[in-house]
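Input: a single structure, listed below in structure tokens.
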Protein chains: 2
Amino acid sequence: MSVLTAAPGAAPTGEEPPDTGERHRLTAVTGLAALSLDAMASVAYGPEAIVLVLAAAGARGLGFTLPVTLAIAGLLAVLVASYRQVIAAFPDGGGSYAVAKRHLGARTSLVAAGSLVLDYVLNVAVAVTAGVAALTSAFPSLYADRLWLCLAVLVLITGVNLRGIVDSARAFIVPTVVFVGSILVLIGVGLFRSAPVSTEAAAGHASVLSDNATTVGALLLLKAFASGCSALTGVEAIANAVPSFKVPRAKRAQHAEIALGAVLGVMLIGLSVLISRFGLQPVEGVTVLAQLADASLGHNWAFYVVQFATMILLALSANTSFGGLPVLLKLLARDNYLPHVFALKADRQVHRHGVLALALVSACLLVFSGGDTNTLVPLFAIGVFVGFTIAQVGMVRHWRLERGPGRHGKALLNGFGGALTGLAAVVVTATKFDEGAWLVVIALPLLVLAFETVHRAYTRIGERLGLGRIPEAPHRDRSIVVVPVSTLSRLTCEALTAARSLGDEVRAVTVCYPDAEDRAQRYALERAWADWDPGVPLVRLSSERRALGRPIAGYVRELAASAPGTRVTVLIAETEPERLWQRLLQNQRGAVVAHAVRRDTDAVICRLRFRLT
Amino acid sequence: MSVLTAAPGAAPTGEEPPDTGERHRLTAVTGLAALSLDAMASVAYGPEAIVLVLAAAGARGLGFTLPVTLAIAGLLAVLVASYRQVIAAFPDGGGSYAVAKRHLGARTSLVAAGSLVLDYVLNVAVAVTAGVAALTSAFPSLYADRLWLCLAVLVLITGVNLRGIVDSARAFIVPTVVFVGSILVLIGVGLFRSAPVSTEAAAGHASVLSDNATTVGALLLLKAFASGCSALTGVEAIANAVPSFKVPRAKRAQHAEIALGAVLGVMLIGLSVLISRFGLQPVEGVTVLAQLADASLGHNWAFYVVQFATMILLALSANTSFGGLPVLLKLLARDNYLPHVFALKADRQVHRHGVLALALVSACLLVFSGGDTNTLVPLFAIGVFVGFTIAQVGMVRHWRLERGPGRHGKALLNGFGGALTGLAAVVVTATKFDEGAWLVVIALPLLVLAFETVHRAYTRIGERLGLGRIPEAPHRDRSIVVVPVSTLSRLTCEALTAARSLGDEVRAVTVCYPDAEDRAQRYALERAWADWDPGVPLVRLSSERRALGRPIAGYVRELAASAPGTRVTVLIAETEPERLWQRLLQNQRGAVVAHAVRRDTDAVICRLRFRLT
């Protein structure tokens, strides 16, 4: 389903984890299971998308389900063949971003990256809604609450990802095998039946079949084709993850890719044959797949197995976005197209931002769609096809530069694939523009613009910092440390000790307000200071407007201006209480002073925490 | 309405602003206008509260409106006389918190403070709902949206207070005079009419009069009395603000207090006479005051003047909580009962927390009540009467300690007042317990508990810090500065310059991860470091788990342990970008390192911001 799937157990870019030996890498069979999850899962909503469009032309329209599916299977064959070539040409993992970056220039690669980002986000929303639709088809009483169910599933997946999960190829194999197995059994059994064995799931639901059967126009067929193409999402995942395979990597990956195409093609065609044979009509609240399970296997335990397998596979497929998007964001951040914080894999809290952002945007999409898969599928297909097209066009360029045998034929194949997917992108955008595709048409250029703006800013910052040049030699300045003081305590002693250790000269400052109470406090402080005699002058700053930060910042500025070549440091001492809630008891003077000094001066700010234990 | 009203233009505790000369202080007349706002505004909901209770006993019950009001006016007279004595005894401002603190011990003063806090919060909710009720009485079509209107008014008041307002006694005079004037005209005109001149506002609204007229029991009368006592809120405001008056302060304040009592008494009795004369019945969606305006003045411009004056006065009265609560919180924070941040009046962002917290709690109350004044009024009255009672009991104690003429009579008067208000507190709590009073009964002890917990924590912290003792003399330690480094740039040079200025010894550290890409980067850094030769060693720390903060914190801990008597400082250098949005581009390495070092070590953390301009 997703386009730049992070191979479970190994990242697509191959740079980590290096300790993973050859033993942990994928064979053609385990690779198929681990990486085809998303593609297989799209069987749950692809055929449905076709049937729903054709239903607008009544029963006559539904008769075209098989031909449209065959056209999609043809496109699948071309794509698989094309990606076989991508695997050979980009053995380090050839996502559309990587291909475009090498062959089509920065901006096109950013378009590819933007469409990938959109796909990851939409993948979550589509998979969650489709998974919940599988559940509500089995338990119709839950249908009214589908949006809440979707959000609950999203919260669950987000929670799991926030805690951190151990990716494991093996964990993905079982549900994929169960799902594919049950679909194949469904198809096999169904082919031996001449009529539905049960229609119980669909009973009582309103049919969405159009009453006034119109003629079946070319536009409708195009629309059905475009919608159905959502079933093709995910076929590029294997090409992205070549480094995760065992040696010979490219060969094994190619085998897995072809096997993926074969299984996916068989499932798509098989399901559409059954749809035609059973004269199935789309009804509200029950998925086409659920109806097929009913019709072929009966409304018994087998039906529930199919529904649960579908739901779990879709939930896992939503989960892959949470693994994959951070990898993409890291690549973009390394190339200075996104804030560097995304490239900082080091500490967990940073990763958290990405997971939460993805969850938030997905939640908005879920609410926007009302938990309905078919609202989201057209949005999804656009980004996928933009990515496909860019990868194929990049491959044509690749073959033009490459000098090898049969390069013309290969270029032709990729060119043909690119033309088909480009056409599909145009068709799906045009036919679904009013139904939400405009959102993608707006979002994609905005994303590219954001990438470029970030890149320009980094370039400017890099120039200012003299990155890549040897800087001038550091020297030693005279150092004055300013210590804000308000009362006398062990904390003050600690602060002055630290300040004297750090500075050649130390000055304590206290801010006075023009009111009686404060005046009394100040006299007390000055008397105590004189008694204490710490060898540090106490400078009195007055503030008419009861400000605390500004007077200190002003003093620091004056000090820096009056003594050039002197480094002024402000040392702020605070207590660190025993218990967490006692942080509320801190007076925030430190934060106020630090904020003002940071805003108004270039002084170094030191913060000393005095532990109260 | 509120209990410890901040005198507009001058704070009640008299310690600020000291530059305000005698010229800006209040006379009896301006003081009455400036400080009586809350008390006057309670006329808008006090009589209504009585009528609503009595309506449960049908028309016969409503016949008791005047007797109940007379009883309340009697209590008002006692209260005014009592507060005249409070003014004389506490010329520095005698809120119930101040009186209790001096005469009744810490815990009682905290009960007084807790009830004041609750009053401030409830005052906002009651005034906003009553103001909106005045509006929807004039424009019935808005009635359905009253909760949203309440929240909108709250947002408006909050917004104004977040921006900061210039308090001015004068700004309060005009609306108060217009309101009192229009109520007096309403009463005067109404006394000359024998029947309502219009009932248009009430037309079409459902009567809430009980059909089965029961006997009028003592409990019902007590309940009506207790509800009506909400009209007495605010009579203590003048006593709290004595320092804001011109010399002779106490005399002028006493005159203002008596005038307040007289005007409030006349309005209450006048309105209840009219209620009886016009045989007025409470109806849903129209306030009693609106019905009276209708009946007395007709449904014309005069009616709208009364409604608008009421609404504006109530909005201003809600606003006084935003001025008054921070003053109370400051007093409590000074006495170590609340986090000191509330006592830090200095910088604006601190004040903001209080305003937002007050707005949030008020919003919850508005939602809880559904925007209905009469749900909130009983909650309001409890806190007010607890405060009254504590102040009066404290005064009895005061007269026992004081040796002056007539002290027995004075003690008797305050004791009588205290007994009456104490009784009222018990009655209103008992009769309204199910209707929300339980909330106050739970909240008040919790508040007191919170105050005491905070106080204990501060006492312990103060002991640990040795507050009030002369600390030992500061000394000078040897200083090692650790500088985390990841690339080489002008920022690195700046960081090492600062570090060499601050430390006797400087060590640059870099964290390495065990992957190929990072290894390449590290070699590049080490080669560049050798070329640069800044005279500072580059220490390599390795992290298997791709952590950034922990290895540095661990190194700092080891360094501190290996060289006792040495002060270890971590200097984190970051760029300060030109534009605000570019902060997003920072890689957060600094924050991650600072967090880990702060958590795991006692090292001083220095942050240097390198401005990119």
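Hydrogens, waters and symmetry mates play no part in the numbers below; they use all other heavy atoms, side chains included. Within every chain, numbering begins at 1; the chains are lettered A, B, ... in the order of the sequence lines, protein sequences first and strands thereafter.
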(request) Identify whether the distance between the nearest side-chain nitrogen and carboxylate oxygen of B:R490 and A:E472 falls below 4.0 Å. (result) no
(message) If the threshold is 4.0 Å, N to carboxylate O, is there a salt bridge linking B:R567 and A:E494?
(response) yes
(message) Any non-hydrogen side-chain atom of A:R598 less than 4.5 Å from a side-chain atom of B:R609?
(response) yes
(request) Answer whether the closest heavy-atom distance between the side chains of A:I470 and B:W529 falls below 4.5 Å. (result) no
(request) Please list, chain by chain and in numerical order, all residues satisfying salt bridge (Lys or Arg N to Asp or Glu O under 4.0 Å) with B:R464, sequence neighbours excluded. (result) A:E578
(message) List the residues meeting salt bridge (Lys or Arg N to Asp or Glu O under 4.0 Å) with A:E505, not counting sequence neighbours, and say none if there are none.
(response) A:R478, A:R507
(request) Kindly say whether B:L488 contributes a backbone atom to a donor-acceptor pair with the side chain of A:R469 at under 3.5 angstrom? (result) no
(request) Would you mind checking which part of A:Q586 comes under 4.5 Å of any heavy atom in chain B, side chain (CB onward), backbone (N, CA, C, O), both or neither? (result) backbone
(request) Pick one of side chain, backbone, both or neither for A:S486, based on which atoms fall under 4.5 Å of a heavy atom in chain B. (result) neither
(message) Nearest 0.5 angstrom please: A:L502 CG to B:T569 OG1, how far?
(response) 4.5 Å
(message) On a heavy-atom basis, which atom in B:D477 and which in A:S501 lie closest, and how many Å separate them?
(response) N-OG, 3.0 Å
(request) Looking only at non-hydrogen atoms, find the nearest pair between B:P471 and A:W532 and report the distance. (result) O-NE1, 2.9 Å
(request) Report yes or no: does A:S489 contribute a side-chain atom to a donor-acceptor pair with the main-chain N or O of B:L467 at less than 3.5 Å? (result) no
(message) Contact between B:H340 and A:L585 at the side-chain level, heavy atoms closer than 4.5 Å - yes or no?
(response) no
(request) Return the minimal non-hydrogen interatomic distance between A:D602 and B:R611, and the atom names on each side. (result) OD1-NE, 2.6 Å
(message) Can you tell me which of A:V536, A:L608, A:V570 forms the most heavy-atom pairs within a distance under 4.5 Å of chain B?
(response) A:L608
(request) Heavy-atom distances under 4.5 Å only: say whether A:R607 touches chain B with side chain, backbone, both or neither. (result) both
(message) Any non-hydrogen side-chain atom of A:F610 less than 4.5 Å from a side-chain atom of B:L465?
(response) yes
(request) Taking A:R500 for its side chain and B:R476 for its backbone only, find out whether a donor-acceptor pair lies under 3.5 Å. (result) no
(request) Answer with side chain, backbone, both or neither: which region of A:T453 has an atom nearer than 4.5 Å to a non-hydrogen atom of chain B? (result) both
(request) Pick whichever of B:A498, B:A457, B:A528 has the most heavy-atom pairs under 4.5 Å with chain A. (result) B:A498
(request) Heavy-atom pairs under 4.5 Å with chain A are the metric here; pick the option from B:D531, B:I461, B:T487 that has the most. (result) B:I461
(message) So A:Q582 and B:R460, do their side chains get closer than 4.5 Å, heavy atoms only?
(response) yes
